Every structure is written in C-alpha cells, then in structure tokens.
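A quick write-up on the structure given underneath.
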There are 2 protein chains.
Amino acid sequence: MSGFGPGDPFLADCPARLAVELIADKWTVVVLYGLSKGPVRHGELIELIGGISRKMLTQTLRRLEAHGLVRRHAYAEVPPRVEYELTPLGATLIDPIHMLTEWARANGDAVLDAIDADPEPVTHTD
Amino acid sequence: MSGFGPGDPFLADCPARLAVELIADKWTVVVLYGLSKGPVRHGELIELIGGISRKMLTQTLRRLEAHGLVRRHAYAEVPPRVEYELTPLGATLIDPIHMLTEWARANGDAVLDAIDADPEPVTHTD
DNA sequence: AGGCTAGGTTTCCGATAGGAACCAGCAGGT
DNA sequence: ACCTGCTGGTTCCTATCGGAAACCTAGCCT
C-alpha cells in the first residue's frame, strides 16, 4: 500500500539516509552552490553568500571536505590564501542542487504567499 | 569572475533563499518523500521513516502545512485519524527530491568511503 | 471502571547553531 | 621597531533545536 520497497532511501538506515542528512542543514546547499562555478576563496564565499558567519562557513566546508565533496588548497602565502573547490564527487551534487534552485526560483513566491495567508506563530507572540 | 548574477538564488535575500531554508532541516525532505506516494497517516509516517519522534514529525508537518506544501485532514473519529497529503505546490517539490534520492542511491557509498578514508573528529577524541 | 487506541503536547536535557571576539603571522606605513 | 591590517580560523557563550519519555483527550471494548 505504501509502495516503498526495502532499501528505499530516507526510510531506512542506509547510505542514502546519511547522504541526505549530510546536506540537510542550513548552509551546506548554499555553500555547494557557491562552489559550483569553480575554486573560490574563503573570503569570497563570505561575501558571496551573505549572512553566513566565518565559523559556520569553515565548519560546513570541513564537513564537506571530510565527506569527500570539497577539496581545500591552502597556499603558504602572506596574507594566507585558501581556496576551496568541488571534488568530482561533489560536482555530482550540482545537478540536484540546480533543480532545487530552479524550484525555489519558480515557487518561492508561492511559499511566501502561503505563509502570508497562514499567519501561524512563526514569529512567536511572546 | 564568480559568474553569479543579481537575483541568483542562495546568494541573496530572495524568496529562493527562504525556500531553501524551508527544506534544509533534518526531517523535512524525508517527510516530503514519505508523502510522495499519496495521503499518509501520522502513525504510518512514524513507522515508515524510522528514527523520527512524534514531536518532530508533528512539528515538521505543521511547518510544511503553514508553508502551503502539505494539507492536513483530521477525521472526527475515534480513535482519531489524521491524514496528510501534499498540496499541488508540495507535489512540485517531489522531482527535486527524487533527484536527491537518486544521487544518494548512486553516491552514498562513495561518501561513506570518503568518511572512512578521512577519520576526522566526527567522534571527538575527548 | 480500567485499559486500549491514535494523535498531539509538554517537560526535561544534551547537542547544535550562530554571533562576537580573539589568535596567528607577516607586510607595510610611519 | 612598532603598530595596524589583511586573511583564515578558533574559542566562548548563549539561544535554539532535537529527542526520549510521560502525559492528555476521547470514545470503544471487555
């Protein structure tokens, strides 16, 4: 009835579930998108993304690095220069992410509209 | 150089950014996936997803409802029966989510492999 | 009456997110 | 020589989140 078979992603303790939890945080998708055009410096990402703190950027990049999606190049220069780029594995995530960006572009207004029509306690009335 | 134009999603204060933050939490994507086959009851989702608590399920569904992606049907029966289903807007998210599931299916092992090859302090060495 | 069911909420506590401030290391201005 | 600044990163502290378990409602069954 439910139509989900065994090994179905998301619904079990499988690699797919882990992969989803990998990207399901506030900044991962945005950072991957920021890296999608080629190597970018730490400071450039800060400017580009807007709203992310240095700490969260570093933390997100470190996790992506540990998961094999991003590669870090630290040049022994002064002032220090560090560039990040997608690995081939990380690059395979760009397509799904682009689908999300297109969805967002097309439906972002509809979501805002729904929020507007449904003023739930998103802002708590404390 | 960076190649991102004005109004580029993720990189600015636009509806797209909001939409991404909408789905960028631990359970939203999984719950949407669980709803992708048609109306499902609260309890079914608990069984189906595995690992989610009732609290987080309700919370996630409420947010999705407030954002116009999910519709709630509460039947005045005893014992109570509540069904959730995607709205047409919510259904438009299924395609991007399926791309993620396919990515995960194809690359989940590669991610696990990278983690294995890179035993970073995921478990802190305290 | 007491227990069962199913959805939901509350309470409590540990984990995490996030901003601000601080650190390292060297070049350049004064 | 010293102070400042640039760049990347880390530490401190707090607000929020996530999760387990208990409790609640309300009608049915035994």
Side-chain angles (χ1 to χ4, degrees), chain A residues 2 10 13 17-18 20-31 34-35 39-67 70-85 120-126, chain B residues 2 13 17-18 20-31 34-35 39-66 70-85 120-126:
Chain A
S2 62
F10 299 159
D13 184 27
R17 179 74 159 265
L18 181 146
V20 168
E21 290 184 9
L22 206 189
I23 65 157
D25 75 68
K26 187 169 180 179
W27 295 113
T28 300
V29 172
V30 189
V31 169
L35 292 171
V40 189
R41 298 181 59 173
H42 178 100
E44 284 180 303
L45 282 170
I46 294 277
E47 302 278 316
L48 204 57
I49 290 175
I52 195 172
S53 64
R54 274 192 291 262
K55 180 189 145 186
M56 289 318 294
L57 214 213
T58 303
Q59 193 170 302
T60 303
L61 288 166
R62 287 286 142 81
R63 173 162 46 204
L64 291 172
E65 197 189 358
H67 289 40
V70 160
R71 186 162 158 79
R72 194 183 107 111
H73 295 275
Y75 298 92
E77 302 175 356
V78 155
R81 184 163 64 96
V82 180
E83 279 186 352
Y84 294 91
E85 68 177 333
E120 292 289 312
V122 175
T123 15
H124 55 187
T125 9
D126 186 12
Chain B
S2 63
D13 184 27
R17 180 73 159 266
L18 180 145
V20 169
E21 290 184 10
L22 206 190
I23 65 156
D25 74 68
K26 188 168 181 181
W27 295 112
T28 299
V29 172
V30 189
V31 169
L35 292 171
V40 190
R41 298 181 59 172
H42 178 99
E44 284 179 303
L45 282 170
I46 294 279
E47 303 277 317
L48 204 57
I49 290 174
I52 195 172
S53 62
R54 275 194 290 259
K55 178 183 138 186
M56 290 317 295
L57 215 213
T58 303
Q59 194 171 300
T60 303
L61 288 166
R62 287 285 142 83
R63 173 162 44 205
L64 291 172
E65 197 188 358
V70 161
R71 186 164 159 77
R72 194 182 108 111
H73 295 274
Y75 299 91
E77 301 174 357
V78 154
R81 183 163 63 98
V82 181
E83 279 186 353
Y84 295 91
E85 68 178 333
E120 291 291 311
V122 176
T123 14
H124 55 187
T125 9
D126 188 9

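Chain A is the first sequence line, chain B the second, and so forth, proteins listed ahead of strands; every chain is numbered from 1. Bear in mind the structure is a predicted one, so any value in this text is a computation, not a measurement. Reckoned from all heavy atoms, side chains included, excluding hydrogens, waters and symmetry mates.
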Exercise. Give a yes/no on whether any side-chain N or O of B:Ser53 is located under 4.0 angstrom from OP1 or OP2 of D:dG19.
Key: no

Quiz item: So which one's nearest nucleotide on DNA chain C is more toward 5', A:Gln59 or B:Leu61?
Solution: B:Leu61

Quiz item: Between atom CG in B:Leu45 and atom P in C:dA6, what is the gap in whole Å?
Solution: 14 Å

Quiz item: Does C:dT9 have OP1 or OP2 sitting under 4.0 Å from an N or O in the side chain of B:Arg54?
Solution: no

Quiz item: For B:Glu83 and C:dA6, what is the distance between atoms CD and C1' respectively, to the nearest whole Å?
Solution: 13 Å

Quiz item: Using a cut-off of less than 4.0 Å, is there contact between a side-chain N or O of A:Trp27 and OP1 or OP2 of C:dA17?
Solution: no

Self-check item: Spacing between A:Arg63 atom CZ and C:dA17 atom P, to the nearest angstrom
Solution: 6 Å

Self-check item: Within-4.5 Å side-chain heavy-atom neighbours: B:Leu61 and B:Leu35
Solution: yes

Practice problem: Could you check how far CD of B:Glu65 sits from C1' of C:dG7, rounded to whole Å? | Solution: 14 Å

Exercise. Quick one: pull up CD1 in A:Ile46 and CD in A:Glu44 and give me the separation to the nearest 0.5 Å.
Key: 11.5 Å

Quiz prompt | Atom pair distance, as rounded to whole Å: CD in A:Glu47 and P in D:dC6 | solution = 12 Å

Quiz item: Are OP1 or OP2 of D:dG8 and a side-chain N or O of A:Arg81 less than 4.0 angstrom apart?
Solution: no

Quiz item: Hey, what do you get for CG (A:Leu64) to CD (A:Gln59), rounding to the nearest 0.5 Å?
Solution: 11.0 Å

Practice problem: Round to the nearest Å and state the distance from A:Ile46 atom CD1 to D:dC6 atom P. | Solution: 15 Å

Practice problem: Would you kindly give the CD-to-P distance between B:Glu77 and D:dG27, to the nearest whole Å? | Solution: 13 Å

Exercise. Search all heavy atoms of A:Glu83 against all heavy atoms of A:Pro39 and return the closest pair with its distance.
Key: OE1-CB, 3.8 Å

Quiz item: Does D:dG19 have OP1 or OP2 sitting under 4.0 Å from an N or O in the side chain of B:Lys26?
Solution: yes

Quiz item: Taking only side-chain nitrogens and oxygens of B:Lys55, does any of them come within less than 4.0 Å of OP1 or OP2 of D:dA20?
Solution: no

Exercise. Indicate, with a heavy-atom threshold strictly under 4.0 Å, whether A:Tyr84 touches base, sugar-phosphate, or nothing.
Key: sugar-phosphate

Quiz item: Between D:dT10 and A:Arg62, is there an OP1 or OP2 to side-chain N/O distance shorter than 4.0 Å?
Solution: yes

Quiz item: Mapping A:Gly43 and A:Val78 to their closest nucleotides on DNA chain D, which lands nearer the 5' end?
Solution: A:Val78

Self-check item: B:Met56 CE - D:dA20 P separation (whole Å)
Solution: 11 Å

Quiz item: If you round to the nearest 0.5 Å, how far is CZ of A:Arg62 from NE2 of A:His67?
Solution: 14.0 Å

